[in-house]
Protein chains: 2
Amino acid sequence: MVTLYDVAKRAKVSIATVSRVLHGQDRVRETTRARVRAAIEELGYVPDGAAQSLARSRKDVVGLVYVAREDPRLGRHELESMSLLFRDEVMRGVESRLRARRWSLLVTYLGDDEASGAVPDGGAPVMPRLLALSGKVDGLLIGDGVVSGGQLAVLARRLPAVLIAGDPGQPYADVVAADNWSGTHALVEHLVTVHGRRRLALVDGPAASPDATVRRRAMEAVIAERPGTALAGTFSGKFSAAGGEQAAGRLLAGAAGAGGQLPDAIVCANDQMAIGVLRRLADSGVRVPRDVAVVGFDDIFPAALCDPPLTTVRQPMRRIGERACERLFARIADPSLPPAAELLPAELVVRASCGCPPVSAR
Amino acid sequence: MVTLYDVAKRAKVSIATVSRVLHGQDRVRETTRARVRAAIEELGYVPDGAAQSLARSRKDVVGLVYVAREDPRLGRHELESMSLLFRDEVMRGVESRLRARRWSLLVTYLGDDEASGAVPDGGAPVMPRLLALSGKVDGLLIGDGVVSGGQLAVLARRLPAVLIAGDPGQPYADVVAADNWSGTHALVEHLVTVHGRRRLALVDGPAASPDATVRRRAMEAVIAERPGTALAGTFSGKFSAAGGEQAAGRLLAGAAGAGGQLPDAIVCANDQMAIGVLRRLADSGVRVPRDVAVVGFDDIFPAALCDPPLTTVRQPMRRIGERACERLFARIADPSLPPAAELLPAELVVRASCGCPPVSAR
DNA sequence: ATGAAAGCGCTAACAT
DNA sequence: ATGTTAGCGCTTTCAT
């Protein structure tokens, strides 16, 4: 390996001078500078980042951790795998912030086995993988589901950490997430005030999901605020298109029963479920939005493509990445900052499935 | 910062012993081990990665460089931005290999201004960004279009490097890419032998694109091999849906002229263009695949969703990432390896737009 | 089983 | 303008 000493020897100067040239400092004679430059070029010298980091005692690197959560049965085009898009977008946001500072991003996907996400905190030591990573970065961005609360507490004590799209309620670390509540609120309000929908059914996600819970509450809030509206049933299932189909099936079965009546709007916990609902409805000859409006959440890619195009709420994924990164910078600069949660506004995306006139999709 | 010395002091042992405990070596008494463990836990000690790397003189990190190539006008759902999917998939492949070795991935997106990709090699020094990165990794994975040939030569001389989806013809570094030639060849063969198509039109990409060139050559090869088939015109444009629409427009105009005749198959340089062609054809009442077959290349997400579903060729993106990473490992282990190119088979994805019976897409 | 000490390649304060 | 030198935090012989 070519070191500073090799270059210094070749250019017949001291290592300090080489270092100066390397960092474009003045106080070096032009001719010397040229000699050093030549030596660097000839030797193909590359400064060792580890040594630099050690000497400067900072690394200019932030870590990003996700759980791999891979399902080999899912092709890359499956709707369910689209949640990956979320991460990719977040990452781009992070990267744009990093680039401005000329820092780098160290990405790690933990295997399902290595993450402690849902585990009920057995007081286990911090995951080794995560520990190793910690030593290589100035701060950590942690994806949702990577660590349990207890682990997070331990981790955040050791180094600056920001949780991405995690539980805004936990008190251990900073969080940056989308504002599920106001997003859903705006969506349901739209249904009620613009389209005059009154009997609102909910196709809910898993009870354990914090996101689903918040979205449900927001819907209930609108119903409470708007006299004349009512919750026309709740049908919960997995966050998948299949889950949506099943829920819609139960909903249809209920409406077909004695005195049964179709709701005039179906609010789904996410887009995948909404797409499943749409399919099931189409199979039964129910027209959307004419007979019933359907809305989703997330604005995943296929949402714009389905028939009718889905009205939904977009999570500001990229922005989440940017803000999380900025917050991390702030915390690195001042580790004593009290942990804060930042909720980013989610944007209502109006398409045709709510009853609005279709916009040329092209 | 908590260091090895702090832990040693607290546990009343030498730093060597702490280091031994840290790495699970034997030759440490159980009671001592326990004392050290306790000290580590109490202090919240995290080994400094930079110091470790320096002492071990290896980093266990590989770098991945891409050009940002961002167009802020494009929303994340635009077809054009789907090429990003390619990178994300490649990255997952890389990550899976890295994980097996417990290495990390250092990702950097260069700004358009920082990359030298298309630049005609002004003999400029290696980009500073890339240099800085080089010092932090054991090897580099370089995305297509990041560096020019000359730069690549310089870079590859300094550290292990593998080009991802770049020009397999360049002699400076290893390359891992999809086999465009045989993929296209199989696709066109399918059109000719299975569906009896004879008058094949080409909707070509930009002349400057190596990918487009290879795909064109492969198509010409099939035509040369199969008597009775003929090239029924070439219409080139940008690698975009709009480019495809324009090309289809010209094609239709030509067919409408005196003695004009529609081709019975249109081979497009990529899926985006094919989708544009499909749109334009639909607008003109031309039926696909009945009147004319249309095929693309890449198998981007919307390819399965359009009407009719697009027959195309899938690049083994994930596999490319895996192989590139493995090749990089090999080169790190033995830097004297002669540069090699590895072409991965691209898979024919048969849907309905070629004339095959539609498969239930769901 | 444990400790002492010599680097690893670099930065930066302090000479000169 | 340039050189000397003391760390940075760790791994790893080599002693004991």
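No hydrogens, no waters, no symmetry mates; every other heavy atom, side chains included, goes into these values. Each chain gets a letter, A, B and so on, in the order its sequence line appears, and its residues count up from 1.
Within the 4.0 angstrom heavy-atom criterion, no nucleotide atom of any strand lies near B:Ser53. Across all strands shown, A:Arg56 has heavy atoms under 4.0 Å from sugar-phosphate atoms exclusively, and none from any base.
Look at A:Thr32 and you'll find a side-chain N or O under 4.0 angstrom from OP1 or OP2 of D:dT2. For A:Gln52 and C:dG9, the shortest distance from a side-chain N or O to OP1 or OP2 is not below 4.0 Å. Residue A:Tyr45 places at least one side-chain N or O closer than 4.0 Å to OP1 or OP2 of C:dC10. For A:Ser57 and D:dG9, the shortest distance from a side-chain N or O to OP1 or OP2 is not below 4.0 Å. For the pair B:Thr3 and D:dC8, the criterion of a side-chain N or O lying under 4.0 Å from OP1 or OP2 is not met.
B:Leu4 has its CG atom 13 Å from the C1' atom of D:dC8, to the nearest Å. Distance CD1 (B:Ile15) to P (C:dA5): 11 Å, rounded to an integer number of Å. For the pair B:Met1 CE and D:dG9 P, the computed distance is 6 Å after rounding to whole Å. The CZ atom of A:Arg20 sits 10 Å away from the C1' atom of C:dA13 (whole-angstrom rounding). Per the geometry, CG belonging to B:Asp60 stands 12 Å off P belonging to D:dT11, to the nearest Å. Counting to the nearest Å, the P atom of C:dA6 and the CG atom of B:Leu54 are 17 Å from each other. The distance between atom CG of A:Leu131 and atom P of D:dC10, rounded to the nearest whole Å, is 13 Å. Straight-line distance from the CZ atom of B:Arg58 to the P atom of D:dC10: 16 Å, rounded to whole Å.
Legend: salt bridge (Lys or Arg N to Asp or Glu O under 4.0 Å) pairs involving residues 47-66 of chain B, not counting sequence neighbours, sorted by first then second residue: A:Asp48-B:Lys59, A:Lys59-B:Asp48, B:Arg58-B:Asp60. Applying the salt bridge (Lys or Arg N to Asp or Glu O under 4.0 Å) test to residues at least two apart or on different chains, the pairs with a partner in residues 7-29 of chain B are B:Arg10-B:Glu42.
A donor-acceptor contact under 3.5 Å is not formed by the side chain of B:Tyr5 with the base of D:dC8. Counting distance only, with no hydrogens placed and no angle test, the side-chain atoms of B:Arg29 and the base atoms of C:dA1 include no donor-acceptor pair under 3.5 Å.
The 5' end of DNA chain C is approached more closely, in terms of each residue's nearest nucleotide, by B:Thr17 than by the other of A:Pro47 and B:Thr17.
With values rounded to the nearest 0.5 angstrom, B:Lys136 atom NZ is found 12.0 Å from B:Leu131 atom CG. Taking CG of A:Leu163 as the reference point, atom CG of A:Leu328 lies at 12.0 Å (rounded to 0.5 Å). Rounding to the nearest 0.5 Å places CG of B:Leu110 at 6.0 Å from CG of B:Leu130.
Out of C:dT11, D:dT11, C:dG3, the shortest distance to the side chain of B:Val13 is found at C:dG3. Checking D:dG3, D:dG9, D:dT11 against every side-chain atom of B:Asp48, the shortest atom distance belongs to D:dG9. Nearest to the side-chain atoms of A:Ala51 among the listed nucleotides D:dT11, C:dC10, C:dT11 stands C:dC10.
A salt bridge links A:Glu30 with A:Arg33: the closest approach of a Lys/Arg side-chain nitrogen to an acidic carboxylate oxygen falls below 4.0 angstrom.
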